[in-house]
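Per chain, numbering begins at 1; letters A, B, ... match sequence-line order. All values below were derived from every heavy atom in this structure, side-chain atoms included, with hydrogens, water molecules and symmetry-related copies excluded.
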Number of protein chains: 2
Amino acid sequence: MTIKDIAKACGVSVSTVSRVLNERPDVSEAVRRQVLDVVERHNYIPNTSARDLVRSQSDNLGVVVRGTGTPFFSDMLKTVTKEIDAAGYNMVLRQIGSDDDEVKAGAILEREKKLRGLLFLGGRYDYTPAELALVGVPYVCCSYTNQFGSLKKEDFASVSIDDHATAYRAVTTLIEHGHRRIAALVPSCSDHSISQLRCNGYIQALEDHGIAVDDALIVESGGFDMERAYKATCALLDSGTDFTAIFAVSDVMAIAAIKALADRGRCVPEDCSIIGIDGIELSKYSLPTLTTMVQPVEQMARESVHILVELLRREGAPRHILLDTTLREGGSIRQL
Amino acid sequence: MTIKDIAKACGVSVSTVSRVLNERPDVSEAVRRQVLDVVERHNYIPNTSARDLVRSQSDNLGVVVRGTGTPFFSDMLKTVTKEIDAAGYNMVLRQIGSDDDEVKAGAILEREKKLRGLLFLGGRYDYTPAELALVGVPYVCCSYTNQFGSLKKEDFASVSIDDHATAYRAVTTLIEHGHRRIAALVPSCSDHSISQLRCNGYIQALEDHGIAVDDALIVESGGFDMERAYKATCALLDSGTDFTAIFAVSDVMAIAAIKALADRGRCVPEDCSIIGIDGIELSKYSLPTLTTMVQPVEQMARESVHILVELLRREGAPRHILLDTTLREGGSIRQL
DNA sequence: GGAATTTTCGGAAACGTTTTCGGTATTTGT
DNA sequence: ACAAATACCGAAAACGTTTCCGAAAATTCC
């Protein structure tokens with residue numbers, strides 16, 4: 001079932017059918033109706049390959065994610081898929097490991113799949129202009145860092161939260177509850193990732209409240225996963241350093257920390273308070289319910305693809321959206 | 001950069017370049033090397049649209065998932081993506097809601113994206129032959145049910161666990177610990193889904209051990225999500241029915257149940273034992289650590305795409321793989 | 001009513017591949 | 001050394017679209 005068959009069945013030319021299908025104005029209403037009718041009846045679907053070939057472009061949007069499998073990104077991915085679909089594009093997904101280079105991965109994907117645009121979910125962008133030049137399509141970065149300023153505002157779009165401020169607020173919350181010996185559970189505080197931004201927020205909050213930063217209280221797990229967060233917390237406990245609260249960079253890490261504490265006989269929040277960041281669904285079902293800074297995941301995902309689509313339609317310049325996080329009180333913080 | 005450019009640069013014809021690229025035998029070693037060299041230097045990538053057009057087929061594998069966002073399927077998806085990629089195919093993902101029809105979704109996807117094959121992740125297959133005839137490419141069902149036998153063994157491939165036996169084993173474990181008033185937390189026991197299979201395993205285990213099935217102990221939440229599992233557990237508690245253990249159909253439901261119990265002042269496992277199914281990573285970090293029947297997720301995912309690829313290469317008939325589940329002891333069961 | 005537009009449509013080229021068919025070279029067999 | 005087989009390669013058609021160009025038909029304008 002090709003466009004020729006439809007043309008024949010309608011007694012018109014292929015070009016006319018094509019015009020109808022592409023909603024071009026120069027076709028009479030009568031013909032349009034008839035063609036549409038025949039198309040419907042034969043339920044004809046245009047051949048994407050042929051179309052892409054002649055247009056020399058596809059409807060593919062690349063999504064490169066670092067760390068699928070984490071609830072946060074898997075939630076994000078869920079709405080991203082939906083939105084991309086709704087916008088009439090195809091999603092081609094590439095997940096990369098923690099050691100991979102997102103820009104390079106994006107560039108390869110772009111060539112392989114003839115992408116129209118790219119969406120980076122998570123990641124660290126300390127790239128040189130030369131590296132960034134590898135990607136030749138519009139792209140938006142979601143939940144990203146740009147610490148070195150290697151990304152030029154006018155070259156790309158973004159949607160994110162203010163990681164520094166969010167961490168600041170989380171730690172301040174702990175301080176307001178009377179805590180002063182607050183540990184930070186972070187994947188790393190010098191990898192130029194989001195982890196570092198949040199770590200800085202932690203430090204800033206302490207300083208602003210006249211609390212000395214104790215390096216022994218900053219534990220670097222080496223990754224966002226539960227296993228390493230668990231081990232890092234154990235290491236902290238074993239070190240003998242005393243603390244009354246933990247600021248965890250993500251909810252999953254917070255949950256792993258709670259487990260580590262419990263395994264060492266410490267209860268949350270009686271013996272130790274804890275706060276996370278993300279607001280994943282699971283955090284509502286932990287024991288105790290996790291107090292956390294929730295990110296508007298759905299909105300972030302939605303805005304991301306909307307912006308990308310806008311960019312592709314050449315409507316307006318790249319936008320940079322900063323969304324608010326909100327504190328959701330659970331039972332994991334105790335007033336001292 | 002097209003195949004013509006490469007041909008020109010090599011002083012050979014397009015056909016020859018094409019042959020080299022497709023690893024056909026009838027090309028001399030000298031020419032092959034030269035072409036490959038030029039291709040490498042220009043880092044030329046063939047135009048997929050043109051190729052797909054003339055071959056009138058793509059390298060797309062469709063994956064339709066019911067219920068992304070759940071840790072189990074998101075884990076599965078992770079390796080599925082990787083494997084499909086490694087096999088040189090593209091994954092096109094379609095996630096469907098709980099009310100959607102997977103076969104129809106697959107059939108639509110198949111036409112839209114010119115799929116070579118389909119992979120169904122999760123789902124209920126009580127379809128008529130006519131409905132199944134809609135899908136015209138090889139497909140494999142992973143983690144599925146086929147209660148009505150509408151799928152003919154020779155028409156498709158599958159990989160799954162023995163849901164009945166797994167549930168049976170889980171419940172038996174509770175019984176062996178002295179429990180006799182065991183509640184079942186299930187999405188539904190009559191929807192022809194995996195939930196129903198596991199529910200039947202529960203019933204069978206009780207009967208085989210001489211325990212009367214009490215309908216009041218079977219709570220149907222209406223879905224696999226935490227929220228409904230939580231509410232269902234609350235309803236069970238409110239009903240006043242006494243029980244000493246809960247068999248949850250999935251780990252996330254079990255975790256939600258633990259939360260519900262805790263919120264009503266009941267501790268696990270002191271006041272109530274609980275066992276789940278899935279073995280998601282999170283279950284290792286719940287309080288207490290969840291005792292659960294773990295599914296070999298990675299293996300399931302890997303086998304699924306391997307089988308699909310085999311099918312596409314017409315190597316051997318559709319296979320049906322049944323994988324083993326193993327009990328992982330946590331601390332959520334108490335000996336009575 | 002005739003010229004000038006405008007609307008509507010068909011013909012044909014083009015997109016970048018794969019593949020069939022046939023034709024030279026080259027090798028093999030005797 | 002000559003025929004036959006084989007290895008290697010090029011020309012060209014085909015895949016199903018879109019789009020440019022021009023032509024016919026319908027409409028508008030004076």
Item to check | Gap between atoms CG and P, on A:D59 and D:dT17 respectively (whole Å) | outcome: 15 Å
So, using side-chain contact (heavy atoms from CB on, under 4.5 Å) as the criterion, who are the partners of [X] when residues are at least two apart?
X: A:K4; value: A:T2, A:V14
X: A:E310; value: A:E315, A:R319
X: A:L134; value: A:A107
X: A:A50; value: A:N47, B:L53

Check whether any side-chain heavy atom of [X] lies under 4.5 Å from a side-chain heavy atom of [Y], and answer yes or no.
X: B:S158; Y: B:Y144; result: yes
X: B:V159; Y: B:L322; result: no
X: B:I161; Y: B:Q295; result: yes
X: A:R66; Y: A:L121; result: no

Next on the checklist: Output one letter per nucleotide in nucleotides 6-13 of chain D: B when a protein non-hydrogen atom lies under 4.0 Å from the base, S when only the sugar-phosphate is that close, - when neither is.
Outcome noted: --SBBBB-
Checklist entry - With sequence neighbours excluded, what pairs up with B:E83 under the side-chain hydrogen bond (donor to acceptor under 3.5 Å, both in side chains) test? => result B:H306
Item to check | Contact under 4.0 Å: A:R24 side-chain N or O vs D:dT19 OP1/OP2 | outcome: yes
Checklist outcome for this item: Numerically ordered, the residues 44-54 of chain B set in heavy-atom contact under 4.0 Å with DNA chain D is B:L53, B:V54
Item to check | Angle by which the axis turns from one end of the helix from C:dG1-D:dC30 to C:dT30-D:dA1 to the other, five pairs per end, to 10 degrees | outcome: 20°
Next on the checklist: So does A:R24 get a backbone contact from the side chain of A:N22, meaning a donor-acceptor N/O pair under 3.5 Å?
Outcome noted: no
Next on the checklist: Quick test of your reading: applying ring pair (Phe, Tyr, Trp, His ring centres under 6.0 Å), list the pairs with at least one residue in residues 17-60 of chain B, sequence neighbours left out, ordered by first then second residue.
Outcome noted: none
Item to check | Interface limits on DNA chain C, where chain A has a heavy atom under 4.0 Å of a nucleotide atom | outcome: C:dT8 to C:dG16
For residues 32-39 of chain A, which side-chain donor-acceptor pairs fall under 3.5 Å, sequence neighbours excluded?
| unit_1 | atom_1 | unit_2 | atom_2 | d |
| --- | --- | --- | --- | --- |
| A:Q34 | NE2 | A:C10 | O | 3.3 |
| A:D37 | OD2 | A:R41 | NH1 | 2.8 |

Checklist entry - How would you list, by chain and number, every residue that makes a salt bridge (charged side-chain N to carboxylate O under 4.0 Å, His left out) with B:D52, sequence neighbours excluded? => result none
